[in-house]
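Heads up: the structure comes next, in structure tokens.
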Amino acid sequence: MRDIYNTLNSRQQEAVFHTEGPLLILAGAGSGKTRVLTHRIAYLIDEKGVNPWNILAITFTNKAASEMRERVDKIVGFGSESIWVSTFHSTCVRILRRHIDRLGYDNSFTIYDTDDQKTLMKDICRRLNVDTKIYKERSLLAQISHAKDELITPDEMEMNAAGDYNKKKVAAIYREYQTSLRKNNALDFDDLIVKTVELFQNCGDVLENYQERFKYIMVDEYQDTNTAQFKFVSLLASKYENLCVVGDDDQSIYKFRGANIGNILGFEHVFPDAAVIRLEQNYRSTQNILRAANEVIAHNTARKPKTLWTENQEGEKIHFRQFMNGYEEAEYVVGEIAGARREGKGMYKDFAVLYRTNAQSRLFEEKCLLANIPYKIVGGVNFYARKEIKDLLCYLKTIDNAKDDLAVRRIINVPKRGIGATTLSRVQDYADQMDISFYDALRVAEEIPSIGRSLSKIDGFVTFIQGLKSKAEAYTVRELLEEIIRLTGYVTELEAEDTEESRARIENIDELISKTEAYQEAGEERGEPATLSGFLEEIALIADIDSVDPDQDYVLLMTLHSAKGLEFPNVFLVGMEDGIFPSYMSIMSDDCSDLEEERRLCYVGITRAMKELTMTSARQRMIRGDVQYNKVSRFVREVPRELVDLGYKVEEKKPKISESLTGDSSLSKMRQVFAAKPFQATQFKVTKADSLDYQIGDTVRHVKFGVGVVKNIVEGGRDYEVTVDFDKVGVKKMFAGFAKLKKI
DNA sequence: GCCCGAAGTCTTTTT
DNA sequence: GACTTCGGGC
């Protein structure tokens with residue numbers, strides 16, 4: 001046997017060597033569960049002679065999947081590429097792409113994102129004369145999604161409704177929603193799981209096929225599986241029962257999207273033969289951080305009792321600071337990072353700022369920009385949800401799946417083709433009457449009565465799309481996209497607009513183009529054809545966290561939810577205020593388990609930290625336009641006083657901050673900041689351009705600082721250092737790779 | 001059919 | 001505060 005298993009502790013070894021039958025690994029935060037999983041895979045292949053082809057490992061995010069894949073590649077001798085490592089959603093898509101015709105869908109189905117779902121729901125409400133003042137689209141979709149998480153069909157929902165008028169109405173809307181999805185040959189996120197389960201239940205041969213294929217199944221983050229996902233896994237595993245699930249009930253934070261904590265708490269009931277192994281030694285955090293985490297989570301009642309321990313050093317105390325408002329809070333945090341960086345205490349990527357809601361990112365982003373600190377915001381408005389991106393994607397979707405009415409209707413007038421609402425509703429009526437798709441109705445528009453003058457415009461559009469369709473086969477995705485941009489004049493139009501906004505949009509489009517290129521390359525590497533459907537699918541299933549590149553040196557700003565599974569030497573938990581975190585909703589809720597979920601979220605946050613943890617709060621804060629006064633979060637008070645360092649008085653601290661980092665940065669102050677900053681020589685991996693598209697004397701634009709003139713360019717080891725004199729904020733030095741200056 | 005400004009709504013968290 | 005929707009005017 002190889003000696004790679006010697007580095008594991010005895011509990012971990014036990015988990016690795018237990019290969020047959022159901023196994024539940026209760027893995028506390030930082031207890032090395034990914035190590036266990038990867039070593040377990042290696043052991044299965046190397047020692048047990050299992051064919052890599054027979055192994056399935058499921059994670060929640062693509063990032064987790066690719067990390068696991070990478071680590072498996074490193075320790076598995078051969079054949080690691082045929083191990084199936086992917087997320088629940090991609091796994092299901094791959095299965096459905098091959099077999100969903102058995103359920104009466106077309107195998108080229110489209111995946112609807114939240115935006116698409118909303119548009120569709122709006123449509124349905126209009127059709128069914130539902131008053132959206134009373135039944136909000138959002139809440140309807142939430143109810144439907146929840147039903148799907150629990151594998152409840154429209155029929156079942158109606159039956160459960162009994163005499164309840166409201167519930168019956170929702171059930172009817174749910175039914176109509178499903179019909180529309182099918183008409184559009186589309187699935188929403190939840191359907192991906194639900195339909196796969198349906199497929200398995202209806203087609204025994206398909207299920208058996210996959211049961212034989214996946215003889216060994218592993219599921220990561222098991223505490224976050226919902227009923228549908230559980231059903232999916234247990235169907236797959238029911239033949240061989242070689243199911244290994246890894247999770248931590250204390251880190252269950254996705255109840256709102258249907259995660260059923262019962263799946264982990266009741267695993268031993270469903271699989272009576274299950275072995276249970278606990279991993280309680282933490283390798284990540286200092287003793288103080290771990291003690292704080294243990295103390296906080298101990299306030300929860302619904303949990304499997306356990307206590308993490310570590311052999312690590314005691315470490316520093318938990319820092320807590322309270323500020324007058326959110327600005328000062330952000331200034332402090334960013335100042336601390338800048339300071340630590342200046343003193344050589346770590347790189348930017350060693351720091352993470354974690355908050356409860358996405359909206360809180362803004363202040364930190366602003367301060368980072370002012371301090372010239374590279375950062376990345378994870379989450380918030382999805383890149384692919386931006387208008388210009390969606391427009392172009394809908395062209396691609398139309399080409400890919402002509403049944404997707406939503407996509408066709410979105411682009412029929414983008415750019416303006418002078419086809420109005422009246423015409424569109426006539427086409428829609430005709431399509432409904434004839435029971436054909438919207439696009440097919442357009443193709444036979446001459447048969448539609450009272451279309452009149454618009455006919456020629458519609459014909460123009462149809463010819464245009466048909467032309468693109470005929471090219472789709474031969475073109476790469478990139479070529480197709482560029483053709484669309486050229487023929488529609490999309491970018492030309494934006495260029496003519498010439499505003500701050502339109503320039504940003506063009507930049508986004510450029511990024512989309514490079515994503516098609518990256519997709520092409522990845523396909524070639526894997527030896528898979530880079531199809532249009534494949535590209536659209538990848539985009540639909542991508543999460544923002546997936547784009548975090550561990551080689552890039554930037555501070556990460558994200559929600560606590562996004563931070564799960566990550567670790568950082570230094571963590572800032574900001575906005576620690578009752579009403580923010582725990583959220584107002586959870587405090588007010590009758591169901592005290594809501595508050596417990598928030599506490600688990602806090603536990604997740606604390607345990608992200610390896611060396612240092614800072615919690616901050618503000619006395620007053622702007623929330624949606626008006627000022628709120630919040631108390632310090634109860635979670636802060638649950639950390640034993642002796643573990644906390646309250647620091648100096650805030651008033652004493654302030655001058656030092658404003659000296660270095662306030663917005664009205666006079667030249668001398670900025671110099672101070674930069675003088676002690678030898679960081680261009682260190683690893684600052686922003687890909688260095690071969691040359692810059694501007695030179696000394698050119699006028700350039702910066703996202704935050706506005707317009708300025710380039711004064712100097714110094715070629716550094718990894719990037720160019722550019723000095724710019726800005727109209728508004730004066731002279732600044734910055735790195736070309738990060739500053740993204742645009743010549744104007 | 002299209003554009004612009006006023007009013008209304010929202011936010012927890014995400015694949 | 002930021003984004004979307006709606007209604008009035010052209």
Side-chain angles (χ1 to χ4, degrees), chain A residues 58-65 86-93 111-115 117-119 122 132-133 136-139 141-142 145 148-149 187-194 221 224-226 228-229 252-259 326 354-363 366 378-382 384-387 413 415-424 453-454 457 537-546 558-565 575 579-589 594-595 597-598 600-602 604-605 621-628:
Chain A
I58 300 181
T59 61
F60 268 82
T61 63
N62 296 295
K63 183 173 193 290
S86 80
T87 66
F88 268 106
H89 295 266
S90 335
T91 305
C92 289
V93 171
I111 301 166
Y112 275 3
D113 65 19
T114 358
D115 263 16
Q117 288 177 282
K118 236 172 145 183
T119 316
K122 228 184 243 166
T132 50
K133 290 250 157 55
K136 298 246 186 291
E137 290 101 338
R138 275 180 57 90
S139 116
L141 284 167
S145 168
K148 290 183 177 180
D149 288 341
L187 303 185
D188 65 16
F189 283 128
D190 304 313
D191 277 345
L192 297 176
I193 317 287
V194 174
E221 306 284 9
D224 289 324
T225 51
N226 61 33
Q229 288 161 336
S252 165
I253 54 172
Y254 281 109
K255 190 171 137 212
F256 73 92
R257 83 176 180 204
L354 309 181
Y355 35 77
R356 178 69 234 274
T357 65
N358 281 306
Q360 288 168 262
S361 67
R362 227 198 72 228
L363 290 176
E366 237 165 59
V378 178
V381 192
N382 189 334
Y384 296 102
R386 301 202 168 120
K387 182 185 175 301
N413 246 332
K416 299 261 171 305
R417 295 189 175 88
I419 304 170
T422 344
T423 309
L424 292 181
R453 191 165 325 181
S454 306
K457 296 171 188 163
E537 177 180 308
E538 197 167 295
I539 280 175
L541 296 180
I542 217 151
D544 210 25
I545 190 79
D546 300 336
M558 66 186 134
T559 62
L560 288 149
H561 282 89
S562 302
K564 194 173 67 155
I580 307 267
F581 186 37
S583 74
Y584 185 73
M585 306 266 274
S586 67
I587 296 175
M588 287 302 148
S589 168
D594 287 341
L595 191 66
E597 173 138 329
E598 296 277 309
R600 289 194 290 271
L601 194 54
C602 181
V604 167
R621 186 181 288 280
M622 276 280 241
I623 303 283
R624 264 181 280 141
D626 42 33
V627 182
Q628 253 184 33

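Naming: A, B, ... by sequence-line order, numbering from 1 per chain. Here the structure is a predicted model, which means the values were calculated and not measured.
Nearest to the side chain of A:T559, among C:dG1, B:dT15, B:dT13, sits B:dT13. Candidate nucleotides B:dC3, B:dC10, B:dT13 were compared by shortest atom distance to the side chain of A:R356, and B:dT13 ranks first. Picking from B:dT15, B:dT14, C:dG1 the nucleotide with the shortest atom distance to the side chain of A:H561 gives B:dT14. Nearest to the side chain of A:K136, among B:dC10, C:dG1, B:dT15, sits B:dC10.
Atom NZ in A:K255 sits roughly 15 Å away from atom P in B:dT12 (whole-Å rounding). Remark: P of C:dT4 and NZ of A:K387 are 11 Å apart, rounded to the nearest angstrom. Distance A:E537 CD to B:dT15 P: 16 Å, rounded to the nearest Å. As a whole-Å value, the separation of A:R624 CZ from B:dG8 P is 17 Å. Remark: P of B:dT14 and CG of A:D149 are 16 Å apart, rounded to the nearest angstrom. In this entry the distance linking CE of A:M588 with C1' of B:dT12 reads 15 Å, nearest Å. Going from atom CD of A:E221 over to atom C1' of B:dT14 covers 13 Å, rounded to whole Å. Straight-line distance from the NZ atom of A:K118 to the C1' atom of C:dT5: 11 Å, rounded to whole Å.
Here A:E597 lies out of heavy-atom contact (under 4.0 Å) with every strand. At the heavy-atom level, A:S562 lies under 4.0 Å from the strands shown only through sugar-phosphate atoms. Heavy atoms of A:G379 sit nowhere under 4.0 angstrom from any nucleic acid atom. Heavy atoms of A:L601 sit nowhere under 4.0 angstrom from any nucleic acid atom. Counting any heavy atom pair closer than 4.0 Å across all strands shown, A:F88 reaches no nucleic acid atom. Contacts of A:A359 with the nucleic acid, taken as non-hydrogen atoms under 4.0 Å apart, are absent.
For the P atoms, the distance from B:dT13 to C:dT4 is 15 Å, rounded to whole Å.
A:T357 and A:Q360 form a side-chain donor-acceptor contact under 3.5 Å, judged by distance and modelled atom types alone. No hydrogens or angles considered: a donor-acceptor pair under 3.5 Å links the side chains of A:S562 and A:T559. A donor atom on one side chain and an acceptor atom on the other are found under 3.5 Å apart for A:S589 and A:D594.
The residue among A:I542 and A:K416 whose nearest nucleotide of DNA chain B is located toward the 5' end is A:K416.
Using a 5.5 Å limit on the distance between ring centres and a 30° limit on the angle between planes, the aromatic ring of A:F256 counts as stacked on the six-membered base ring of B:dT13.
Note on A:K122: a side-chain N or O is less than 4.0 Å away from OP1 or OP2 of C:dT5. For the OP1/OP2 pair of B:dT13 and a distance below 4.0 Å, the side-chain nitrogens and oxygens of A:N358 include at least one atom meeting the criterion. One finds no side-chain N or O of A:S90 lying less than 4.0 angstrom from the OP1 or OP2 phosphate oxygen of B:dT15.
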Apply side-chain hydrogen bond (donor to acceptor under 3.5 Å, both in side chains) to residues A:S86 and A:T91 and explain how you reach the verdict. CA-CA 6 Å; A:S86 80; A:T91 305; 2.6 Å; yes
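Salt bridge annotation for A:R257-A:D224: absent, with no cationic side-chain nitrogen under 4.0 angstrom from a carboxylate oxygen.
Taking the six-membered ring for Trp and thresholds of 30 and 60 degrees, A:H561 and A:Y254 have ring planes inclined between 30 and 60 degrees apart.
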